[in-house]
Amino acid sequence: MENQVSRRNFLNRLGVTVGAAAAATAVPATYFAGPRPAHAAIKVKGNIPDKPFKTGHITFLTGPANLLGEPGRKGHLLAAEEINAEGGFLGKRKIETIVADEAAGTDANVKELRRMKLSEKIDLFTGVISSGNTPALGPVAEELGVLTMFNDGCTDFLFDKAVPKPKYVFRVTNIQSADGVTSAVGAAKAWPQAKKVGSIQPDYSYGRNVHEHFMLAFQKLVPGAASVSEAWPKLGTTDFTPHITKLLSDKPDALICGLWGGDYVAFYKQALRYGLFDKMKVATTLAFGGQPHAIGKDHPEGVLAGAHANYFFTHPAKGRWPINDSFVERYYKRWNEYPSFESDGAYVSLYLLKAAIEKANLLVGGWPEDDVIISLLEGMGMDTPAGYLYIRPDNHQGYKDTVIGMTKNDPKYDFPIWDPKSIITIPIRDITAPPNWPKPGTSHNESTAAANWLKTTWLT
Amino acid sequence: MNLLETINLKKYFGETHAVDNVSLTIAEREFVSLVGPNGAGKTTLVNVVSALFRSDSGKILFKGDDITHTSVTERVKAGIARSFQIVNLFDDLTAFDNVTLAIFSRQGKTGNPATLAHLDHEVSAEADAVLAQFNLTSKRKEHARDLAQGERKLLDVALAYALKPKLLFLDEPTSGVSTRDKGQIMDTIASVVRGEGITAVIIEHDMDVVFKYSDRIVVMQQGAILAQGTPDAIRNNDQVAMILLGTSGPDAFTRKD
Amino acid sequence: MDILIIQILNSIFYACILFLIAAGLSLIYGVMRIINLAHGSLYALGAYVTAWAIGTFAAGAPLWVSFLLLPAGAVVVAAVGAAIEPTLLRPLYNRPEEYQLLITFALLLILEDAMHFLFGGTPLTAGAVIDSMGTMPIMNLRYPVYNLLVIAIGIAAAVFLWAFIYRTKFGVILRATSQNMRMASALGLNVKRVYVQAFALGCFMAGLGGAVVVPAQAAVLGMGIEALILAFVVVVIGGLGSLEGALIGALIVSFVRTAGIQFFPEIELAVLYLIAAVVLLVRPTGLSGRA
Amino acid sequence: MLEIKAIDTYRGPAHILYGLSLRVEKQEVVCLVGRNGAGKTTTIESIMGFLPVRTGQILFDDEDLTNLPPHERAKRGIGYSPDDCGVFPELSVGENLMISRWLGDEVARRRDGKERANPEAQAFDIFPEVKTLLQRQGLHLSGGQRKMVAIARAMMLSPTLLLLDEAFEGLAPVVVNRFIEAVMKIKAMGVSILMAESHLAAATRIGDRLYAIDRGEIIFHGPPKEALANEKVVKALRG
Amino acid sequence: MQNDASRTGPSMLLILACVIPILVVLVALPKFVDTYQIQLLTYGLIYAIAGLGFNLLLGYTGLLSFGHSAYFGLGAYSAAFMAKYFGVGSMEIYILGGLLITGLVSAAFGYICVRHTRIFFGILTLALSQVLWTLAYKFFWVTGGTDGLRVPFANLTLLGGLIDFKGRDTYQAFTQSYYYYVLFLFCICTVFMWVIVHSPFGKALQAIRDNETRAQFLGVRIRHYRWFAFLLSGSFTGLAGILWVPLNGLVTPDILYWPFSGEIVFMTVLGGFRTFTGPIVGAVVFNYLKVYAVASTAYWQLLLGVVLVVLVLALPTGIVGTLSRLFGKFRKR
């Protein structure tokens with residue numbers, strides 16, 4: 001009992017808010033993501049060439065991960081269309097996008113990025129879903145000196161190790177370690193008695209990151225919790241039955257699942273048939289990460305459904321945060337579906353850049369050099385559909401408060417959404433390493449700076 | 001001195017006694033013809049002695065050494081070479097390269113990946129000499145597959161010859177060659193073999209050839225040696241004549257045990 | 001205990017699928033001496049076609065419609081096979097086997113993208129079929145009834161194929177052609193036609209594998225390449241060109257895989273390839289192949 | 001019945017038959033004698049359609065077969081027993097026979113305009129012992145049994161012409177006589193036979209006519225007795 | 001089928017007359033084309049080294065390996081390990097160390113594989129390469145799993161430290177220097193391989209390919225020679241893998257997976273495996289073909305597949321084989 005009390009204290013100290021409150025921004029932002037209000041005309045200083053602004057976008061066009069890639073691409077295109085409707089960046093430079101398939105593999109992506117920059121002469125590189133790919137593409141982007149806004153592929157590893165001192169590379173969605181921690185907080189709050197934890201993760205860096213950070217946080221929140229079963233299906237697996245049987249045989253109380261995209265859809269459908277959801281509580285990091293309609297009504301309720309600790313379109317709820325209301329509306333009108341966190345990330349990326357370009361133009365006039373744009377992106381804040389987003393200057397990583405909720409069916413939708421009462425919001429500063437925290441390989445050898453920060457400071 | 005000696009050599013294929021208790025000796029510098037009807041076991045005997053097949057039992061002595069259990073390569077190194085009834089060449093290589101290969105192998109140079117073959121003038125000269133001996137000089141640069149049947153037959157023998165063997169088996173060197181070219185081929189082969197003092201065992205069915213070139217004739221039937229002797233002795237052996245001519249009626253099928 | 005039963009059932013289920021793919025691969029090799037690298041892609045094609053057919057025609061229709069459409073994948077793949085053999089493979093029978101291997105590799109590339117083009121990049125499912133059949137209890141756990149159906153289909157296919165090959169006129173023709181193609185033609189068999197039929201039958205088996213697996217899993221791009229390599233392991237272990245071999249191999253691979261995921265997940269796949277390599281080394285004709 | 005007009009045949013690069021011609025009349029046993037490698041098997045395989053003929057023609061019942069595939073030739077009633085017998089090793093003897101029985105029904109129907117009453121009769125009449133072997137695998141037959149099965153199988157086809165390649169090779173003497181009787185029986189059934197033989201003696205015993213082949217050319221053609229007296233033939237066959 | 005390589009006594013003059021202009025063009029190229037093209041060509045030359053090695057087995061020894069990704073990947077991973085675990089940045093050390101490792105492994109694998117020929121050889125090489133793939137895939141704590149290992153050129157030094165690429169925006173400088181580095185090694189490899197195939201040993205390999213039995217009867221120890229050819233072939237391919245890593249910047253298990261072996265076969269057949277220059281031309285062309293296919297259509301596999309079908313059905317001798325036949329006809333006229 002004592003544990004539980006102190007745990008509650010922990011939760012309070014973490015600043016977790018429950019329910020539909022949320023979206024209270026810490027800092028009022030000057031910029032917001034979305035079309036300019038009708039009355040605010042574009043003020044442009046100097047001469048702007050009307051050369052198109054070429055953008056390279058690599059994302060999953062095929063395969064199970066397409067469930068994440070597709071909304072990202074759609075978010076990007078929506079923003080580009082809106083900006084182009086105003087005449088483009090600074091009213092002059094229309095955005096042109098060339099797209100390539102991330103499913104071609106890491107090596108092919110590296111080659112394609114080089115081609116985009118060297119042969120197609122792109123001005124901006126964006127997209128990328130897999131956290132296996134950003135650590136490969138980030139350094140290449142730095143080598144090539146191409147301004148880059150990753151909208152996902154959010155592994156800590158990118159700015160912890162692969163590009164420790166980024167210049168050209170930025171990333172908009174939340175940092176990966178927050179996924180595992182957010183799910184752990186949600187799970188600890190919902191199922192404080194669960195001590196035996198099972199884990200099913202895709203067999204690559206994302207899965208390992210989720211597993212590590214979830215266990216780290218969960219064991220701090222639920223003393224005595226231990227991992228009793230691990231399953232590591234290959235990314236893109238279609239047959240999860242041996243893994244499901246393995247999990248069933250080890251009888252955990254709760255399961256942490258980091259599968260995503262088509263893999264998660266296949267997994268939950270197969271798990272249903274074996275009654276896995278009746279045998280254990282299930283927490284996920286990315287169940288709600290794909291297109292919302294990809295999850296069927298057959299999905300069980302009461303599953304902790306992660307959205308990469310970022311965004312789900314029903315939160316902030318209608319009427320509470322006009323930026324989101326309007327985004328969802330415009331997105332639905334354009335694509336006839338609801339946006340996912342990837343849509344938000346890709347959409348916001350372009351608006352962030354737009355804001356930085358406009359600001360830079362006011363400062364220096366004409367079309368600003370990359371260096372100026374970069375210096376303005378660093379430390380920039382913006383109100384986005386998901387709430388307030390802040391680009392930290394030390395590592396070029398975007399941060400926003402994390403959210404997670406329980407699945408519930410709602411007659412208004414053909415798919416489950418978050419139960420509004422169950423949604424929790426965690427201030428990002430409470431679950432991730434602060435600026436300039438020592439990186440792995442400096443004063444410690446943890447896998448991420450966040451892991452080291454959690455271990456040494458969290459809840460003590 | 002006996003160059004080759006087989007002692008009670010046996011090779012059965014199921015019910016067929018292809019080589020049945022053959023004890024044969026070949027003396028140095030002898031030119032021996034192996035004759036007999038189809039299926040008499042001549043080629044099988046050569047196959048066993050040249051290690052293409054393992055014998056079922058018996059012994060093979062070469063220069064007095066027991067070589068029964070040695071491999072093809074070891075026998076080649078010891079000095080046993082052969083040609084083939086159905087031409088067996090390196091079809092994608094030129095006639096010249098076919099021969100140089102044999103010379104390189106003989107000189108133990110085939111393991112060398114670091115020198116250029118065509119710059120080894122000594123070998124090239126020898127190869128050209130061999131080609132000349134077999135009247136193939138004009139075909140030097142032709143691929144083996146493009147040669148005429150008679151030329152292929154000659155090249156097959158030339159390859160074996162280029163190994164400078166002590167003992168050379170020639171398995172029907174004129175089969176499949178038109179009558180026109182036959183005599184010329186045999187003359188070429190015989191002159192080379194005689195000239196170099198090589199011991200030769202030839203499987204041949206043209207009795208004119210056999211009588212003309214052989215020192216000794218060995219007649220085989222049903223896997224066993226039926227008779228052997230000088231050409232004259234064989235010519236006058238009625239039993240042999242009957243068998244070889246196949247004129248003996250049903251008796252031709254009588255197994256000689 | 002219940003877990004053990006489920007794991008055994010799952011292994012058998014998986015073995016059935018592998019058998020269907022591997023038997024086709026083995027059959028084609030046995031008759032035509034061609035290693036069909038596109039075989040996995042044909043399996044994937046079967047899965048796609050069935051999923052697409054069920055998704056398109058059976059939506060909202062009664063369950064039996066879905067079952068009627070289940071074999072669609074197998075039939076279409078057999079037809080594709082019947083078209084491929086005379087056009088792409090036949091010109092190569094007199095060429096070195098490298099070319100036969102290469103053309104099937106080309107076929108693999110083409111089929112993978114053709115499926116991408118036809119069915120799109122997102123996985124296709126036919127989960128309604130398996131869900132409508134419900135689950136059955138196995139002590140404390142549940143097990144999908146459909147899986148039992150697949151096992152039944154797998155066993156039936158094995159028995160049927162065996163009977164087909166060893167008890168029918170066509171089977172005699174097929175075996176005769178595989179043993180001595182020239183003699184078969186001298187006895188009046190149209191070897192070209194037998195080849196088309198054999199190839200189509202092999203493809204049918206692969207397509208059937210895909211068709212029955214798709215309700216339980218999903219049709220995704222790349223599933224064929226993974227399946228091919230496992231089917232390869234199966235036929236190598238069992239013996240190229242041997243039907244019994246395909247069965248033995250499928251069981252070994254499937255049980256080793258289940259055990260591997262449970263007990264030694266790190267080296268599960270490596271173990272399978274190592275078994276294949278060792279079998280090849282010690283007994284290149286496989287466990288039940290003849291020399 | 002069968003007429004070969006000046007054919008040239010190659011095996012890969014090797015030119016084997018040089019303008020070879022021969023004829024087989026109705027209900028006649030014709031022997032083609034020659035040594036190993038003389039071109040006997042090549043001739044038979046050219047007739048059967050395994051080897052393409054570069055020039056010349058092959059006529060059967062006045063129909064040009066030159067460009068037909070082997071199975072079409074079989075359909076016209078040409079039975080074939082190759083030198084290696086060609087018994088399918090992993091099929092039972094029964095199955096081996098069955099294959100040609102199916103076609104035999106068609107051949108008979110086409111020729112006689114009616115079904116065969118008893119398809120097995122001819123074959124079992126020639127070699128009754130084959131009946132006892134039906135369950136046995138081809139692989140487990142002895143050499144003589146294999147020859148019998150091969151000939152019985154060819155007869156199941158209800159042929160009008162039978163091609164026998166080295167039918168007596170490797171047989172024990174007692175058995176040879178049985179085979180010679182069998183050939184006579186087949187002839188009596190109204191079937192023409194073309195035999196490739198390397199034993200002149202055997203050929204002279206059964207052949208109605210004889211062709212001698214050497215190095216891909218016919219060097220003699222006539223009654224068997226004359227062949228024995230012909231020095232060229234005798235020389236070509238010695239060895 | 002023509003076989004350039006086995007023509008008696010290749011004419012040195014003719015060869016030099018062909019090679020020197022090509023070499024001049026290759027050396028001068030960076031002056032005229034942009035970084036991207038130079039980078040692509042570097043990839044092409046590296047694949048050409050792999051192709052040369054592969055073709056020693058396929059074209060000259062008559063063994064079709066469907067597992068050459070193993071040696072390419074081994075070379076690449078060896079260099080990556082040295083970079084990650086030993087902080088090595090010297091290209092020369094990568095090459096020495098990598099060659100040692102690929103040499104040892106191909107010696108071991110080769111010893112096993114050459115016991116078989118034809119299809120069994122192919123399957124055995126495939127199975128062994130797949131073993132390496134699963135190891136690279138599963139042992140992520142060593143190999144980085146699917147994320148792979150990075151080998152940034154920023155830490156790389158060439159020529160024993162004479163050239164390095166520290167600081168920002170050095171990509172162009174790296175691409176140029178590395179192009180010349182690879183070009184130089186490519187020339188060495190080509191000459192070396194040319195000598196091998198024209199040596200008595202090379203002739204013996206061709207003899208084994210054409211007629212195993214007869215080669216045996218000339219006293220050639222077949223299995224021995226095949227094994228040695230395998231070793232050389234694996235080492236060449238391994239060298240290509242080593243050179244590929246800094247250029248690519250990272251190594252992932254993809255290059256150990258069997259479809260990459262298929263690509264090596266593809267490029268060799270594209271150029272023509274019965275000619276010496278075939279694999280070189282094939283590798284360079286294939287690289288361009290694939291890059292532009294990937295860039296221009298989502299259905300690049302289909303495009304490659306169709307090219308392969310056309311190649312196998314209509315031009316089995318590949319680009320070089322077909323060209324030399326056309327040239328031969330032209331000359332005869």
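In the text below, chain A, chain B and the rest are named by the order of the sequence lines, each starting its count at 1. Every value quoted in this text rests on a predicted model; they were computed, and no experiment measured them.
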Identify which part of [X] has an atom lying under 4.5 Å from any heavy atom of chain E, answering side chain, backbone, both or neither.
X	result
B:A102	both
B:T100	neither
B:D120	neither

Counting only non-hydrogen atoms closer than 4.5 Å, does E:F228 touch chain B with its backbone (N, CA, C, O), its side chain (CB onward), both, or neither?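 The answer is the side chain of E:F228.
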
Non-hydrogen atoms of chain B under 4.5 Å away: do they reach the side chain of E:F217, the backbone, both or neither?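 When you check distances to chain B, atoms from both the backbone and side chain of E:F217 fall under 4.5 Å.
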
Just checking B:Y161 against B:F134, ring centres under 6.0 Å apart?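 For B:Y161 and B:F134, the ring centres are under 6.0 Å apart.
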
Looking only at heavy atoms and a cut-off of under 4.5 Å, which of B:I103, B:T110, B:T73, B:L159 has the most pairs with chain E?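 So the answer, after comparing B:I103, B:T110, B:T73, B:L159, is B:T110.
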
Could you check which of B:G108, B:A162, B:G111 has the highest count of heavy-atom pairs closer than 4.5 Å to chain E?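 If we count pairs closer than 4.5 Å to chain E, B:G111 comes out on top.
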
Would you kindly check if the NZ (Lys) or CZ (Arg) of B:R82 is within the cone defined by 45 degrees around the ring axis of B:F84 and under 6.0 Å from the six-membered ring centre?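 That pair qualifies as a cation-pi contact.
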
Would you verify whether the NZ or CZ of B:R29 falls within 45 degrees of the ring axis of B:F31 while also being under 6.0 Å from that six-membered ring's centre?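 No, B:R29 and B:F31 do not form such a contact.
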
From B:L3 CG over to B:T199 OG1, what is the distance, rounded to the nearest 0.5 angstrom?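 If we round to the nearest 0.5 Å, B:L3:CG and B:T199:OG1 are 4.5 Å apart.
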
Are B:Y213 and B:E204 linked by a side-chain donor-acceptor pair shorter than 3.5 Å?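 Looking only at side-chain atoms, B:E204 and B:Y213 do not form any donor-acceptor pair under 3.5 Å.
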
Salt bridge or not between B:K141 and B:D97? Use side-chain N to carboxylate O under 4.0 Å.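 Salt bridge between B:K141 and B:D97, a charged N being under 4.0 Å from a carboxylate O: no.
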
